[in-house]
Amino acid sequence: MSRLEAKKPSLCKSEPLTSERVRATLSVLKGIVTSCYGPSGRLKQLHNGLGGCVCTTSQSSALLANLSVTHPILKILTTAMQNHVSCFSDCGLFTAILCCNLIENVQRIGLTPTTVMKLNKHLLRLCISYLKSEVCGCRIPVDFSSTQILLCLVRSILTSKPACMLTRKEIDHVSALILRTFLLTIPENTEDHVILGKSIIVPLKGQRVIDSTVLPGILIEMSEIQFVKLLPVKKPGSLKVALFCASLSGDLSDTGEGTVVVSYGVSLENAVLDQLLNLGRQLVSDHVDLVMCQKVIHPSLKQFLSMHHVIAIDRVGVALMEPLSKVTGTRPIGSLGSVSPSTYGSVKDWCTAKFGFKHFFHLIPNEATVCSLLLCNRSDTAWDELKVTCQTALHVLQLTLKEPSVLLGGGCTETHLAAYIRHKTCNEPESILKDEGCTQTELQLITEAFCSALESLAGSLEHDGGEILTDLKYGHFWSVQADSPSIVNWSNLLSRCGCGLRNSQEELSWSFLRSTCHPFAPQTCLPHEAAGSANNLTLDCFTAKLNGLQVAVETANLILDLSYVIEDKN
């Protein structure tokens with residue numbers, strides 16, 4: 001009998017945040033995510049030292065997927081980020097940076113975790129109630145009768161991902177395509193509940209971004225040989241469609257663990273082929289015009305269908321099965337037996353198309369709630385980044401349809417919110433002190449730590465050593481180049497604020513970000529002002545940012561409240 005190693009006791013570490021190693025590790029993670037933030041964020045290359053693909057990105061989803069963390073506190077933070085991004089797609093870096101800023105700032109204060117958590121939750125409630133209120137100065141309602149705000153939102157997402165390697169003209173082109181793709185998924189006749197269609201991103205690497213396009217229906221890639229062999233015959237009216245998820249190749253790979261009993265002298269291959277041809281005869285007698293199969297169709301069955309002017313497309317793949325079923329109205333057929341006529345569907349038409357060096361079968365639906373976004377880019381790395389960015393933008397548009405509001409981007413929401421919280425706690429402290437049972441000093445310390453975390457987050461958008469200011473009227477974010485003179489008339493040097501809504505030629509006064517100034521009530525902007533500047537606005541997704549704010553504060557509270565980390569080393 002082999003000897004067993006004695007079980008090791010669990011390793012207990014008290015007050016983990018007081019450890020210099022833990023602080024250094026958190027600081028490194030904060031440095032990584034902060035340096036990726038915004039349109040001028042620096043790219044990261046992630047790769048396995050043993051080989052494999054190299055990922056070049058500044059996106060939180062790609063960073064988290066390729067970043068390996070081992071410390072339990074880092075796992076809490078990265079897991080919270082991943083959960084947020086999996087649900088909302090956007091504002092992952094925002095969430096991580098704000099969480100790290102809160103942890104850092106609160107650690108310097110030295111207050112008890114109970115007091116910190118209580119006041120952080122109160123300040124979070126203040127933020128949420130303000131952002132959802134009608135008087136909010138950084139939230140703009142979305143009017144779906146105009147596309148300008150939506151285009152600005154999509155353009156802001158594309159601009160913030162430098163690894164896509166897009167020019168301004170390409171950003172405008174792809175933004176319009178993404179918005180059109182989203183609009184094509186909205187059904188024309190809607191009842192109480194809108195059920196969105198589906199968009200499919202079709203890759204075309206090595207081509208110009210400007211060649212990207214969107215088409216209603218589904219593009220199915222095929223070889224040049226298949227492309228040439230397609231029947232040129234066109235039938236007027238809709239086409240009857242059969243969709244198979246079972247293999248029509250004639251093999252017996254799907255028999256499971258059962259035993260196949262074959263009588264002596266019977267050819268199994270011929271028997272299966274006869275069954276396939278019988279299936280083909282039924283399809284022909286049912287006047288099916290188009291047969292599509294997720295897997296492989298036997299050459300003999302293909303030839304039989306072709307002789308009877310039935311188009312056969314195989315190897316469509318599992319990813320297209322749901323969209324094909326939605327477009328055609330078919331129920332995927334999973335057996336080779338008799339097919340029920342109720343499983344058939346129909347399409348309006350089909351055609352062949354060639355884009356770049358690829359050939360496609362284009363299925364045109366009766367109602368276009370499924371569309372294909374043919375996405376081009378010059379290299380594999382840039383295309384991969386652009387694909388994820390387009391998916392994020394489409395998801396953000398869906399969230400905006402559900403909650404028709406956007407937030408000012410470019411750091412203006414953060415600085416405006418910080419100004420609001422400072423003014424609120426300075427002018428109405430009595431209710432907070434009474435409700436939360438804290439002292440005036442504790443409230444001031446936590447408020448300053450909270451607001452400073454928001455302002456530091458906005459300051460993370462500047463990566464080139466420039467100065468950052470905030471105006472004392474609206475509380476917006478303003479950036480100045482690093483080589484600017486120290487004493488200057490700011491109105492002459494500044495152009496527009498971070499979100500693009502405010503002009504420096506207004507009667508404004510400025511202060512350096514995080515400098516000591518008297519708390520003020522930031523003024524609101526009117527919706528018609530935002531509509532007038534809609535072509536130049538930088539915007540953020542309201543739903544994603546609101547959830548990111550909640551996740552950041554709650555995760556920071558959780559980490560700050562940790563008194564022990566217990567690790568099982570067995």
Side-chain angles (χ1 to χ4, degrees), residues 170 173-174 176-187 196-232 234-235 238-245 289-297 302 310-330 332 345-378 380 382-384 386-391 393-394:
E170 290 169 344
H173 178 69
V174 177
L177 286 183
I178 291 172
L179 183 55
R180 188 180 169 211
T181 300
F182 168 69
L183 294 175
L184 283 172
T185 63
I186 301 175
L196 295 179
K198 191 175 182 65
S199 56
I200 302 160
I201 296 179
V202 181
L204 192 57
K205 302 175 184 179
Q207 300 292 313
R208 300 182 309 162
V209 177
I210 213 74
D211 292 333
S212 300
T213 188
V214 60
L215 299 167
I218 295 179
L219 288 174
I220 303 173
E221 187 179 345
M222 58 175 55
S223 67
E224 189 173 358
I225 296 174
Q226 286 178 302
F227 187 81
V228 172
K229 284 185 176 180
L230 275 178
L231 294 171
K234 286 279 188 169
K235 175 187 171 184
S238 62
L239 306 175
K240 187 179 283 190
V241 180
L243 179 63
F244 286 86
C245 57
D289 302 294
L290 175 61
V291 175
M292 291 183 290
C293 181
Q294 175 187 330
K295 300 176 184 178
V296 179
I297 299 177
K302 268 188 179 181
V310 178
I311 301 170
I313 306 290
D314 62 351
R315 304 176 190 269
V316 298
V318 67
L320 286 181
M321 291 301 290
E322 183 190 349
L324 283 170
S325 179
K326 192 176 185 70
V327 162
T328 59
T330 59
S346 65
V347 289
K348 182 179 180 181
D349 201 356
W350 68 271
C351 64
T352 55
K354 183 180 179 183
F355 295 101
F357 52 88
K358 289 188 175 182
H359 301 84
F360 297 95
F361 181 83
H362 183 198
L363 209 58
I364 303 169
N366 294 310
E367 294 184 9
T369 56
V370 175
C371 60
S372 298
L373 173 59
L374 190 73
L375 194 61
C376 308
N377 213 333
R378 291 168 285 273
D380 287 2
W383 187 90
D384 292 339
L386 183 57
K387 177 192 175 185
V388 176
T389 305
C390 290
Q391 289 172 332
L394 288 167

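Note that the coordinates shown come from a computational prediction; the quantities given were computed from them, not determined experimentally.
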One should read off an interatomic distance between T352 OG1 and L219 CG, to the nearest 0.5 angstrom, of 11.0 Å
So which heavy atom on H362 is nearest to which on P216, and how close?
NE2-O, 2.7 Å
In short, C351 meets I364 closest at the heavy-atom pair SG-CD1, 4.2 Å
The side chain to side chain contact (heavy atoms under 4.5 Å, CB included) partners of K205 (sequence neighbours excluded) come to D380, W383, D384
Whether the side chain of K387 engages the backbone of P203 through a donor-acceptor N/O pair (distance < 3.5 Å, no angle test) should be reported.
no
Minimum heavy-atom distance between T330 and V241, given as atom pair plus value:
CG2-O, 3.5 Å
Measure from the side-chain N and O atoms of N377 to the backbone N and O of V209, and report whether any donor-acceptor pair falls under 3.5 Å.
no
Taking all non-hydrogen atoms of both residues into account, name the closest pair between G356 and L204 and its distance.
N-CD2, 4.3 Å
Hey, are the side chains of M292 and L363 touching, using non-hydrogen atoms and a 4.5 Å cut-off?
yes
To the nearest 0.5 angstrom, please state how far the NZ atom of K240 sits from the CG atom of D289.
8.0 Å
Distance in Å, K358 NZ paired with Q207 CD, rounded so as to fall on 0.5 Å steps:
9.5 Å
If we check side chain to side chain contact (heavy atoms under 4.5 Å, CB included) with L324, which of these qualifies: L243, I313, I200, V370?
L243
Could you tell me which residues satisfy side chain to side chain donor-acceptor pair (under 3.5 Å) with S372, sequence neighbours excluded, listed by chain and number?
none
Do V202 and F355 come close enough that some side-chain heavy atom pair is under 4.5 Å?
no
As an exercise, state the distance from CG of L375 to CG of D211, rounded to the nearest 0.5 Å.
11.5 Å
From L184 CG over to L179 CG, what is the distance, rounded to the nearest 0.5 angstrom?
10.0 Å
Report yes if some heavy atom in the side chain of I311 is under 4.5 Å from a heavy atom in the side chain of V291; otherwise report no.
no
Using modelled atom types and a 3.5 Å cut-off, is there a donor and acceptor pairing between side-chain atoms of S325 and backbone atoms of M321?
no
For a 4.5 angstrom cut-off between non-hydrogen side-chain atoms, does L239 reach W350?
yes
Among residues at least two apart in sequence or on other chains, which ones pass salt bridge (charged side-chain N to carboxylate O under 4.0 Å, His left out) with R315?
none
Within-4.5 Å side-chain heavy-atom neighbours: Q294 and P332:
no
Does the pair L215 and L374 meet the rule for a side chain to side chain contact (heavy atoms under 4.5 Å, CB included), with working shown?
CA-CA 8 Å; L215 299 167; L374 190 73; 6.0 Å; no
Looking at every non-hydrogen atom in both residues, tell me the closest pair between C371 and T185 and how far apart they are.
SG-CG2, 4.2 Å
Can you tell me how far the CD1 atom of I201 sits from the CG atom of L386, to the nearest 0.5 Å?
8.0 Å
Nearest non-hydrogen partners of V327 and P365, listed with the distance:
CG1-CB, 3.5 Å
